[in-house]
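Since the structure comes first, as structure tokens, the remarks are kept for the end.
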Amino acid sequence: MRFAPNDDQAMVLDMVARFLAARTDPATMAAGPMPAQDWSALGELGLFGFLLPEAAGGMGGAPQDVMLVAEAFGRSLAITPLAEGVVICGHLLGAAASSSRGDQLLAGIAQGTLTLAFARGGMISDKGLTGHLGLVRDGMAAEAFLVAAEDGGVALLAADDPRLHRRPVRLVDGSLAADLRCDAAGAALLEVPEGQVAAALALGQLAIVAEMVGAMATLLDLTVDYVKQRRQFGQAIASFQVIQHRCARLYVMLEQARSMMLRAALAPEGERQASVAAARAYAGEAALRLAEEAVQFHGGMGVTDELAVGRGLRRVLLLSRLFGGPCAARAELAA
Amino acid sequence: MRFAPNDDQAMVLDMVARFLAARTDPATMAAGPMPAQDWSALGELGLFGFLLPEAAGGMGGAPQDVMLVAEAFGRSLAITPLAEGVVICGHLLGAAASSSRGDQLLAGIAQGTLTLAFARGGMISDKGLTGHLGLVRDGMAAEAFLVAAEDGGVALLAADDPRLHRRPVRLVDGSLAADLRCDAAGAALLEVPEGQVAAALALGQLAIVAEMVGAMATLLDLTVDYVKQRRQFGQAIASFQVIQHRCARLYVMLEQARSMMLRAALAPEGERQASVAAARAYAGEAALRLAEEAVQFHGGMGVTDELAVGRGLRRVLLLSRLFGGPCAARAELAA
Amino acid sequence: MEMSFSPQQLAFRDEVRAFLAQALTPRLRHGAALTSGVFAEPDIARAWQAILEAKGWLVYHWPETAGGPGWTPLQRWIFEKECAQAGAPVLPGMGLKLLGPVLYTFGSAAQKAFYLPRLRSAEHVWAQGFSEPGSGSDLASLRTRAERDGDHYIVNGHKIWTTQAQHANRLFALVRTDPAVKPQAGISFLMIDMALPGVTVRPILSASGDHELNEVFLDTVRVPVADRIGEEGQGWTIAKFLLENERGGTAFAPQLLADLVRLQGETGPLRGELAERALRLRLEAEALEITELRTLAEIEAGEAPGPRSVITKLIASEIRQGIEVLAVDAFGMAGLQWPEERPFYDAGVPAPFHSATAQVAAARYLNARAWSIFGGTSEIQLAIIARAALGL
Amino acid sequence: MEMSFSPQQLAFRDEVRAFLAQALTPRLRHGAALTSGVFAEPDIARAWQAILEAKGWLVYHWPETAGGPGWTPLQRWIFEKECAQAGAPVLPGMGLKLLGPVLYTFGSAAQKAFYLPRLRSAEHVWAQGFSEPGSGSDLASLRTRAERDGDHYIVNGHKIWTTQAQHANRLFALVRTDPAVKPQAGISFLMIDMALPGVTVRPILSASGDHELNEVFLDTVRVPVADRIGEEGQGWTIAKFLLENERGGTAFAPQLLADLVRLQGETGPLRGELAERALRLRLEAEALEITELRTLAEIEAGEAPGPRSVITKLIASEIRQGIEVLAVDAFGMAGLQWPEERPFYDAGVPAPFHSATAQVAAARYLNARAWSIFGGTSEIQLAIIARAALGL
């Protein structure tokens, strides 16, 4: 029973945290996705290899590794394709029979030089993949798509296929999604063992939970700092009892969400999907409430785009609502 | 558009309020149902006639009359059979074809000398009413039962029928219910026009909503008085910001619940049932939350049986949960 | 007790309804429906203002003596409710709701003759200059100075949270004309032509991506003394009048109820948790509607409104926020889109994914957070309620 | 990182499970299941205490040197979780959890020799005399006086909220032995034989109808100086030790989770809103379980527990209250019954309507309100969290 990272993990974490702190001070960084050169620099540092299993040419990729790194990303409020582009796509490729996958794709993910996007929907036939797949995160930047089709198959699509149509749609965190339609787009089929799609999806969702927990920690820190410094009626608003009680509530929500995240990351494999759903349900609600309170305590400045809390709220709104958000997660648990 | 009582109503209200204030100071009164002599004294004053329609030998009985009187009862935290024994039974009897009903029953209700109870369930056959009708409020004191049977019929049952079996069950507000079973109990059928059972039920539920609103007002008054007087750390706890904000919330809930009550009482007939359901849903939640907060602010004393807040919580728990409580009311609205 | 309308009131409602049915063009409805902020955008607002003015209903809340149509409080409410249900644009209130009553109550004959018609014609578009950086809800701490120089004041200061100042050509502002007396006593109320040298507007972008708010810098601006309303030092009294007007003047519930109905028209029937949230919001808004009507009925009966009138903004904020997050949730991924281009009904906005209502949902959600902050935070509202209603 | 148990821990769990399977008689389970208050009633508690003592597991949380079994913190947790899942009675903690550690830490050799065995055998049943009327959570304002008279103290005062004092024959109490020094410094810790002249117990009935609480009046009670624990004036230090022990010592989540499962076993599958509430409670309790384990893992690793350890009581109170109101709702009318006779498993209680679990629901609901009041109100907990965890 131990919830603290081991030495290897601590080393990686320290590396990521220092890298992100240098490039993404949440209090000052501009909105918008992380620049490509920062992303590939992280790849050069070997970070993405740490998120991929050995089968995928990585050197880690355990749920707890994913959780630790994603939480650090969440803390920075950075907008990256980590959860889907690296975790889901990397683990799906790693799970695919080696004959059916392109190892150079995995190398590209690991190096941070290739952007993949993950989509669900469509039907696979002899002619390729057909369907309206809806909004796909990072779908405009993606050079290829991994698609979990409705019929259970997993297909790899090149973004430059002329029968693949995408249209840019900006999302609320500032990232760019694609509205994706395929009309018999050329699809290379991946042989993914039964259950591995769901497993990769759960891992990606765990990363999203961890990003939310990281963002909660940053938003709470910013808020506590702010109320200690901001004065009204001649005193720091941190001295108001209502502020103290409500900040204490935020701390409780953060620690409880963190517990759910840890539980999901450390659960035995057979319980992972359920505990990830539980963590999504819990953290999704807690993160949005915390972000809303953080904005409220910042007053007028909180609703501008000039402070990190406003950006944090936008990011948390997106993360908390992905994959159907807390409602869908609860429905999954009730089923 | 006028939400204040008219002169007649104000007069009756004043009479009830003075009567109840003299006999039921919520801060000191003992737990337990209102004594029979007080009840019949109210009958002698003509109060119950004010709650009954002319068809039932009364001189009022409009939803707003019922609301006003029931709210006054709620304020006193008195435990009485008002909602079911007078309002539902009285209006059901009033709606029944005069040939089929016993006018002496109505006279007994109006005089406060006869206790009727209202029950639902059972099937009527040639031999009488049969079924397990569950917990019936005031069913032990009742001399007769009005039963809305599952098959839509309305039956009048004498409590001393040997094929009617009842067993006392104490309820959380201190009142005594009967667990009622009938085994072909003699049932006089009432000819009640279509829709009148539902109408009488809605009126009784409106009375219960008004009792809750009255209880909320009393519990908030007691709480505000208490926090102004109780001192901690050298100052009245009313000066703590958290107490102020949370008491303000209670006031908001009370006024909003009162609005829902007024809306239900003054709605056009065709909208009455839906607006009563809405009021039950709203007031049922608000009343319990307010009562719980009232107990919390009273600290240790709040959870004893020595203060009115504890009794108020018990009464509100019961009232708010009758007829399936807020959940059932919301389900009714969603249907 | 009586909650229904009189035949005259019903006839009036039908008249309003008929007018709205023909006056509200599809473009106006569309623009109103896709507004992400509090007030309609200038092009929509101008067009709608002209139509209402032509009908004689623009300043429906002003008394007859000031040029209003002479409606009772309930008539005004019926008008507002019908407008909300019909999906009419919400006009910016800075001129019509805030300055107007100040002008016809405290203004000189010359000021009324000059400013009121231009306010109505929208020749003048007004912004409100009360808040200053750091002052929060505490107007007494005002720091913008106005020093007398002959027939002019020299105004220096810094206003913030100035809604739609980028569209305005006039600013009404509180300024400190006497720093020597106690804080409230030294304040005056000025009307400032924003074309004057020294007035600079700096946008404050909202987290939603909207540009509604601004800072206004006043750097040695020469304002004619004739543009002061009331006496020197009377600014505090006028500001209190204005703020009370703002607080008492608006019924929130009709718009909230209409928006909730419209949302469910767009999403289709909701199920499970979302249906329950929608129902709870509906009940809260229905209760608020009666709470507001109770105050209105008191005013109509010539009674002083009870302390309950202070609770509506708090409740309305929470319902508004509940509706907007429900919208985001109901639209799923489509509720997370967020084009940078504005306004949402403009040709420059990318084609929406799923629907135009879904496209505006996230921006609306973000803007709704401001409801519990501006115009007195919810925390301030709770403190006011505790004091006014409970004596705490 | 590692959340699973070692093979040794799993073997230990199986051992506990096997023991509970045979030791928990139907009568004990039944009594535990129908307890409406915090602690098991005396007849159930005595029987279970004797069984645990015979097994050597009664004082499982005491160190080996004090007679405990020498378990690690995780073993204790496993034991508690298994007890909760098996539906074991919850023993009153005043003697075992609160006084015990004080005795073996601060007691003299003679005190330990005399009192510890009698505590374990239940010859002594202890009550806790800390709270006084008006003192709330503020122990420093203590007014019970103890004046030295040779080998005795003469104790005069009034204690309140004394749980199960009517079943106790011993009271440990904080008393003021020196009124001259600053409030905290003049307090001492006494053990008082309740059979002594001048000790009077007055019941305080709960709104639930239960008799759990009492007032204890101390009127010129002559307590031997030998029954003081620690030095004169050391009472404050000992009380802090005791209260921290109380706070840190308990894992709340296993019992809450077990009760939630048991409730749903009684009600059958819940639907709609009730199912959602049950799910939310489950998630909160599952999170709490990990939150508690995180602190335990820190202690097990020899680290100081983080500030997070102060949040558990607040959360546990809210889950407990949520479970009990869910129970009332899930049982419908049957959840509103409320016999006056106690305990609920006694032959004197009327036959339940629907089920015995339904019959106890309303009383449990009412008693659960006390969770956020006693042992530091939730408001005090929030203030502690704000200070300890956030530096506010």
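Given the structure is predicted, the values throughout are model-derived calculations rather than measurements. The sequence lines fix the lettering, A, B, ..., with proteins before strands; numbering per chain opens at 1.
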Per-residue contact mode, B:Met253 against chain C (heavy atom under 4.5 angstrom):
neither
Residue, of C:Ala287, C:Ala383, C:Ala386, that accumulates the most heavy atom pairs under 4.5 Å with chain B
C:Ala287
Could you tell me which portion of C:Glu303 (side chain, backbone, both or neither) has an atom closer than 4.5 angstrom to a non-hydrogen atom of chain B?
side chain
Any carboxylate oxygen within less than 4.0 angstrom of a Lys/Arg side-chain nitrogen, looking at B:Glu211 and B:Arg315?
yes
Considering only heavy atoms, which portion of C:Glu300 lies under 4.5 Å from any heavy atom of chain B: side chain, backbone, both, or neither?
neither
Is it the side chain or the backbone of C:Leu283 that comes within 4.5 Å of chain B heavy atoms, both, or neither?
both
Please confirm whether C:Arg76 makes a cation-pi placement over C:Trp71, using NZ or CZ under 6.0 Å from the six-membered ring centre and within 45° of the ring normal.
no
B:Ala238, B:Ala236, B:Ala4, B:Ala257: which one forms the most heavy-atom pairs within less than 4.5 Å of chain C?
B:Ala4
Taking the side chain as every heavy atom from C-beta outward, state whether C:Ile323 and C:Arg364 have any atom pair closer than 4.5 Å.
no
Check whether B:Gln241 gets within reach of chain C through its side chain, its backbone, both or neither, counting any heavy atom under 4.5 Å.
neither
Give, as side chain, backbone, both or neither, the part of B:Ala278 having an atom under 4.5 angstrom from any heavy atom of chain C.
both
Tell me which one of B:Glu255, B:Gln256, B:Arg258 satisfies side chain to side chain donor-acceptor pair (under 3.5 Å) with C:Thr291.
B:Gln256
In terms of side-chain geometry, is the basic nitrogen of C:Arg294 or C:Glu298 positioned less than 4.0 Å from the acidic oxygen of its partner?
no
Using non-hydrogen atoms and a 4.5 Å limit, figure out which bit of B:Arg249 sits close to chain C: side chain, backbone, both or neither.
both
Is there a side-chain contact between B:His245 and C:Gln381 (heavy atoms, below 4.5 Å)?
no
Chain C contact via B:Phe3 - which portion, at a heavy-atom distance below 4.5 Å
both
B:Leu220 versus chain C, heavy atoms under 4.5 Å apart: side chain, backbone, both or neither?
side chain
Part of C:Glu292 within contact of chain B (heavy atom distance under 4.5 Å):
neither
Part of C:Arg282 lying under 4.5 Å from any heavy atom of chain B:
side chain
Which region of C:Leu288, side chain (C-beta onward) or backbone (N, CA, C, O), has a non-hydrogen atom less than 4.5 Å from a non-hydrogen atom of chain B, or is it both or neither?
both
Residue among C:Tyr60, C:Phe19, C:Phe12 satisfying ring pair (Phe, Tyr, Trp, His ring centres under 6.0 Å) with C:Phe79:
C:Tyr60
Can you tell me which of C:Ala278, C:Ala389, C:Ser6 forms the most heavy-atom pairs within a distance under 4.5 Å of chain B?
C:Ala389
Give, as side chain, backbone, both or neither, the part of C:Glu284 having an atom under 4.5 angstrom from any heavy atom of chain B.
both
Side-chain contact test, heavy atoms from C-beta onward, threshold under 4.5 Å: evaluate it for B:Phe73 versus B:Leu47 and give yes or no.
yes
Could you check whether B:Glu285 pairs with B:Arg289 (Lys NZ or Arg NE/NH1/NH2 to Asp/Glu carboxylate O, under 4.0 Å)?
no
With a 4.5 Å limit on heavy-atom distance, are the side chains of B:Leu206 and B:Arg280 in contact?
no
Which answer fits C:Ile315, side chain, backbone, both or neither, if we ask what part of it has an atom under 4.5 Å from a heavy atom of chain B?
side chain
Under 4.0 Å between a side-chain nitrogen and a carboxylate oxygen: does that hold for C:Asp259 and C:Arg262?
yes
When the 4.5 angstrom heavy-atom criterion is applied to C:Leu314 and chain B, the contacting part is side chain
Region of C:Ala275 in contact with chain B, defined by heavy-atom distances below 4.5 Å
neither
